[in-house]
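Residue numbers begin at 1 in each chain, while the letters A, B, ... track the order of the sequences.
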Amino acid sequence: MRRYIHIFRLWFYEECSDALRLRRFICTGDQVSPSVSSDSEQLVSNIVSIFTKKPFHRDSPELRNLAPALTTKVVESVLNRFKSWKIAHEFFDWASSQSGYMHNCYTINALAAVLSGARRNAEMKTLSSYLVNSRCPMTPGALGFFIRCLGNVGMVEEADAVLNQAKDLGLCIPNKYTYNCLLQAISRSDKVEILEMRLKEMTDFGWELDKFTLTPVLQMYCNLGRMKCAMRVFEIMGDQDWLDVHSLSIMVLRLSKLCLTDEVFELIQKMESRNIRLNEQTFCILIHGFVKESKLDAALELFDKMKRSGFTPEISLYDTIIEGLCKKGQLKRALDLYLEMRESGISPDSKLLIKLSDFFSEEQMIQLLEELPEGMDTKMVTLYYNLLLTFYIKAGLTDKAHIMLRGIMGSDSNSHDTAMDSLIKFKGADFVSTASFNIVISGLIQKGEVDSAVGLFLDMGQVHCRPTVEIYNNLIEALCNSNKLDVAKDLLREMEATSGLSPTQFTHNCIFGCLCRREDTIGAIDMVKVMRVYAHEPWIKHSSDLVKRLCNKGRVTEACSFLADLVEEGFVPDIVAYSTAMRGLIQTHKIDQAMELFRDLQAQGCRPDVVAYNILISGLCKAKRVSEADKLFEEMLEGGLFPSVVTYNSMIDGWCQIGDVDRALLCLSKISRKAQEGGPDVITYTTLIDGLCIAGRPDEALTMWDEMKRQGCVPHSITFMAMIKGLSKSGRPEEARSYLKEMLREGMKPQIYVYVALLEALISEQKLEETFQVLREMLEIGSFPELKDKWHVALRDVLAKLVQDERTSSSIRALVAEGHLGPHLSDTDR
DNA sequence: GTAGGGTTAG
């Protein structure tokens, strides 16, 4: 860079003295709309209308007739008239293929302007090639224009290449303007080498540089953050008196980006003395930037300068600064600025006010209200009132908001809240709006005060406020959520009949959902019939919820007919709702009906998912119809579904149930160990441990336990219980006991059947003392099962044996005497 | 302003 600066200096001193040669470069080459005769004007209109009409045929006879009259001036005019780049492109293409017609540099530039504005880089590239290949001669200005179009879409290398090609092919002798255009294009990129090369070329030509040459150079160095170079260029420009608003903006914006705040102000000051001032846009950008970096003093200083320069800031600028001040906790300054804005005649919008209310205290909000000038616009007063209402609601002071709103309405004449009374200077229907009600009603609903919300809603008419759909929906939703269905339905009726508003699907679904929660199948279907008229789809989550509730209560038939009714009304439930129903059927032992439903769905083109298959497979397995389950398993594989661990677990359980443990073990080996699917889980191992023990293979069960632990799978209480019960039943109570001890150590509490199995195993081995010990342990953690308990009898048999043996009989009698074995035993076992 | 609801071991 230093070398070039040196070269610039040389020129400036040697050549700039020549006033004539310092003249402003006036050949801008910009496109000027061609003037066309009135005949041609007609032609232009015709072509435009043909090309914008649909359907469009480029071989239409109309077009063929117009073609011979085509001139470049006409084409240029037509191109300037299209709003769509596509049509412009199409037309340009059509024109090029008409015999006797050839584009010139102006028509090409007209298209270039359109494409560049629409940021169509690919099409610009094609046009570049067309320009060169068509050997179209260009004036230096026209080439400059084209280059600027390329620059606008960031096609710097293409711009650079076009200049060379045009020059090499002799299509154009570029002048300084052309080069300046190129420099400008390059300055939008980071290709400083290209820029410096072109600059050198220009000096080699002996051209004197001007501000249009150096401004891009300044821009480039600023973009790259090479501030020393930028400063030098800036100095040179200053020496030549070439500085203007534009170059100042470039410099100042860069300095502010580099956080050189002092330098920014220094520069602005210096330029002011030269009578160069920032434009409004630059002021705005700088101020926004300062606020963003929390430099509020700088922002405010500049803001003052901006106003002194005669610019009237827009609300968005006030908005930014006020928000910045609020965030920094400088609320006093924010409020002052806000008042200043209001005095300057800018009406604050609710967005800004709501922002303010996020930061202000109640006192500050009230101050805002107190400063309302007399005779202020009623709408504005309402806006302020609503602001305070919002504030109260946000702060959780719902009652205060409620009282205030009633105060403004004037319906609370005997209120004793004097502070509130003095706050409300303006009272009456004019000062409340629908929004006021919306704010307070929503607040009341949030607090769960639905009745108050409805009460307030009913009073809206007094002050001539019309409720909105939103208010109705809010209320209806809240009423439905608190199961006040009748009131909700009343409101729905009123909404349509009195207020003339249409319920939305949300409105209807609130009520539908409530009916589903109430398990009111008939009501729900009636609602669906209403909804069908509005084409409002009943939400599936509500339908599924109803099906689930019914199934849980054994009302499966009702659930199924509800689903069928939905279909009847044209709303087909999804696989989830059907899965719930199928499970309901299975739980009531209606497996065949579940299968039937499943097959029906498939027949209607529904593809059941893994979960649906799982439900059926597990149902079949539980009913020991394992081979049918296996067929379903195969079917899901054929259908391209991947069985999940759940599927395998159910199959494993099934095989175990019918005593085919080996097939169960085969299943285990098939469970994917991919990280994603997680491999076998506790349920897998638990099922297998149980199955192996039942099959009389306790040793393998023990191995399985170890394998499980090796896989990092932690046993939990069901696993322990399976192991303890299994070992007991296999006649290995000693080992079972050690697992029981471990289980207790882990803080898990076994269910009673585990003790029963263990006690029975010990008894059958005549280990009476141990039996007694285990019984004592059992009683330590729980009480003796009641008479109606399914294990009562079994335990009683155990007791009977203990009582009969002399080693344990006295201990048992002691337990009975102490009441540890419950009231029923005292007489029977004596 | 509105997407989570259905599956396995005792």
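Applying the 3.5 Å distance criterion, the base of B/dG6 shares no donor-acceptor pair with the side chain of A/D574. Side-chain atoms of A/N474 and base atoms of B/dG1 include no donor and acceptor less than 3.5 Å apart. Put simply, the side chain of A/H542 and the base of B/dA3 share no donor and acceptor less than 3.5 Å apart.
In this structure, CG on A/D690 lies 4.0 Å from CD1 on A/I694, to the nearest 0.5 angstrom.
A/V682 approaches A/V714 most closely through the heavy-atom pair CG1-O, 3.6 Å.
Ionic pairing of A/R549 and A/D545 is present here: one or more N-O contacts between side-chain nitrogen and carboxylate oxygen are shorter than 4.0 angstrom. Classification of A/R737 and A/E777 as a salt-bridged pair holds, one side-chain N sitting under 4.0 Å from a carboxylate O. A/E765 has a carboxylate O that lies under 4.0 Å from a charged side-chain N of A/K767, or vice versa, which qualifies the two as a salt bridge. For the pair A/D653 and A/K622, the salt-bridge criterion is not met [side-chain N within less than 4.0 Å of a carboxylate O].
Results of the ring-ring contact (aromatic ring centres under 6.0 Å, His included) test with A/F633 over A/Y648, A/Y613, A/F642 single out A/Y648 as the only residue that passes.
Closest to the side chain of A/Y753, out of B/dA9, B/dG10, B/dT8, is B/dG10. Here the nucleotide nearest the side chain of A/A612, chosen from B/dT8, B/dG6, B/dA9, is B/dG6. The listed nucleotides are B/dG6, B/dG10, B/dT8; the one nearest the side chain of A/Q751 is B/dG10. For A/W539, whose side chain is taken as the heavy atoms from C-beta onward, the closest listed nucleotide among B/dT2, B/dG6, B/dT8 is B/dT2. Here the side chain of A/D609 is nearest to one of B/dG4, B/dG6, B/dT7, namely B/dG6. In this structure, the nucleotide among B/dG5, B/dT8, B/dT7 sitting nearest to the side chain of A/V611 is B/dT7.
Note on A/I718: a base of the nucleic acid sits closer than 4.0 angstrom, heavy atoms only. Note on A/D690: nothing from the nucleic acid sits closer than 4.0 angstrom, heavy atoms only.
Not one side-chain nitrogen or oxygen of A/K541 sits closer than 4.0 Å to the OP1 or OP2 atom of B/dG6. Regarding contacts with the backbone of B/dG6, a side-chain N or O of A/K548 is found under 4.0 angstrom from either OP1 or OP2.
To the nearest angstrom, P of B/dT8 lies 16 Å from CD1 of A/I671. Rounded to whole Å, the distance from CD1 on A/I652 to C1' on B/dT7 is 15 Å. At whole-Å resolution of the value, CD in A/Q657 and P in B/dG10 are 7 Å apart. When the P atom of B/dT2 is taken as reference, atom CD of A/E477 falls 8 Å away, rounded to whole Å. If you take CG of A/L566 and C1' of B/dG5, they are 14 Å apart, rounded to a whole angstrom. As rounded to whole Å, 13 Å separates atom C1' of B/dG10 from atom NZ of A/K729. In this entry the distance linking NZ of A/K749 with C1' of B/dG10 reads 15 Å, nearest Å. Regarding A/W791, its CH2 atom lies at a distance of 12 Å from the P atom of B/dG10, rounded to whole Å.
Taking the centre of each ring, A/F784 and A/W791 stay at or above the 6.0 Å mark.
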Which atom pairs, donor and acceptor, lie under 3.5 Å between side-chain atoms of residues 483-492 of chain A and protein residues at least two apart or in another chain?
from	atom 1	to	atom 2	distance (Å)
A/N483	OD1	A/R518	NE	2.6
A/N483	OD1	A/R518	NH2	3.2
A/K484	NZ	A/D451	OD1	3.1
A/K484	NZ	A/D451	OD2	3.3
A/D490	OD1	A/R493	NH2	2.8

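Within a 6.0 Å radius of CD in A/E569, other residues, nucleotides and ligands contribute more than 12 heavy atoms.
DNA chain B is contacted by A/Q505, A/F506 of residues 499-509 of chain A, taking any non-hydrogen atom closer than 4.0 Å. Within residues 575-585 of chain A, the residues that have a heavy atom under 4.0 Å from DNA chain B are, in order of number, A/I575, A/V576, A/S579, A/T580, A/R583.
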Original post:
Is there a ring-ring contact (aromatic ring centres under 6.0 Å, His included) between A/F457 and A/Y472 once you walk through the steps?
Top reply: CA-CA 9 Å; A/F457 167 81; A/Y472 272 111; 5.2 Å; yes
